[in-house]
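Numbering of ligands and ligand atoms starts at 1, following listing order. Quantities reported herein were computed from a predicted structural model and do not represent experimental measurements.
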Amino acid sequence: MEKLIYFDNAATTKIYPEVLKEMLPYFSKIYSNPSGIYEFSAKARKATDLSRERIAKLINADTEEIYFTSGGTESDNWALKSAAQFLKGKGNHIITSKIEHPAVINTCRYLEKNGYEVTYLDVDSDGIVNPEHVMDSVKKGTIIISIMFANNEVGSIQPIKQIGRIAKENNILFHTDAVQAFGQIPIDVKDLNIDMLSASAHKLHGPKGVGCLYINKNINIDSFMHGGSQEKKLRAGTLNVPGIVGFGKAAEMAAEKMQEKIGYEIKLRDYLIDAIIKNVPYTKLNGSDTNRLPNNTNFSFKFIEGESLLIILDTLGICASTGSACSAGSKAPSHVLMAMGKTEDEAHGSLRLTLSGNTTIEEVDYVVKSITESVESLRKMSTEYSEFKTM
Ligand SMILES: *Cc1c(COP(=O)(O)O)cnc(C)c1O
């Protein structure tokens, strides 16, 4: 295989071999439907129950509070649409932020078209929501607060504990899209007063197409998928047994590795940040220095287009991103960077590099060297840059 330097772990991750190994029998030998009454079905059911336990444990939830879905997008849709529907009698106001993943933002836009009122909170220049703004936006009729745990573009970790407290004190349902944080940093749904939480297996070295919604057992919301009686009648459809098995194994491994992995990634991340800032002039780090996911870096390079840089890096075997994969191919500047008060030029000149526990220092050095040279050659073609240089 050609060189593959994968620095896009916020988009998806490589499945752990142990996860794949645990999944395989559920494609072939144990193919039973977990809803059946015979012993063959019980085998599949046991496997999905074990996954539920492993996932619940990772966030200090109870096993019966985990509902399997097809991924983060479905979990976000379910949480917001069903809670909004269920709480309609109480009010129609939802509070979220301007930096949410499209799965939340576009669901909120849909709800706006259907009679709900949504407040999209600003963030500070680090990409962090101010809990006081959450407090100030609460009014009679506020039914849901949905703020992501950590941002997928700039890695900013949100003040979830303070927001959870505000929600609790005001009797408002609190949902968090934790897809980027789940399995990466500690989460305790009880301590943080989280009512609903979305997670997705493929962001923590599990398979694609499977995720979960944690629903606090004191919360009532409607079913999203109507059909059979799976998942306590709240999410119909035959369970994706191999996927769920893989998700459970990935959650267990994430718990085992978490502390060591965080330390390793932070060291590598900070080494990468220092090297880029030192080697590439007219460059800024986007996002927070301190409240940042261990594996996230995001830069703005003056005088260049992030898209052009991506194409050159691709020829060098490097996978990176200009923001969310969902906005790849679209020309609009990142809504996250714009909400942070960056200029359009800064947003267009951005590059996201996200690491994993398997990233090596040699890979980081290669990426730094490649970016340094690529940015230099792109700037040589920039009239703006040559004008700037002759000023
Ligand atoms: C990846 C991601 C999602 C979408 O999850 P899928 O499982 O790919 O549908 C939602 N929110 C955030 C923050 C993400 O990073």
Identify, chain by chain and in numerical order, each protein residue with a heavy atom under 4.0 Å from an atom of ligand 1. Gly71, Gly72, Thr73, Asp76, His101, Met148, Asn152, Asp177, Val179, Gln180, Ser200, His202, Lys203
Side chains of Asn60 and Asp191 in contact at under 4.5 Å (non-hydrogen atoms):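 Asn60 vs Asp191: side chains apart.
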Are Tyr214 and Tyr67 near enough that their ring centres are under 6.0 Å apart?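 Not under 6.0 Å, so no.
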Does the gap between the ring centers of Phe40 and Tyr31 come in under 6.0 Å? yes
Mind checking what makes ring pair (Phe, Tyr, Trp, His ring centres under 6.0 Å) contact with Tyr6, not counting sequence neighbours?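 Ring pair (Phe, Tyr, Trp, His ring centres under 6.0 Å) list for Tyr6, sorted by chain: empty.
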For residues 80-99, which residue pairs pass the salt bridge (Lys or Arg N to Asp or Glu O under 4.0 Å) check, not counting sequence neighbours? Lys98-Asp122
Could you list the donor-acceptor pairs under 3.5 angstrom formed between side-chain atoms of residues 203-213 and any protein atom two or more places apart in sequence or on another chain?
from   : atom 1 : to    : atom 2 : distance (Å)
His205 : ND1    : Lys14 : O      : 2.7
Lys208 : NZ     : Thr12 : OG1    : 3.2

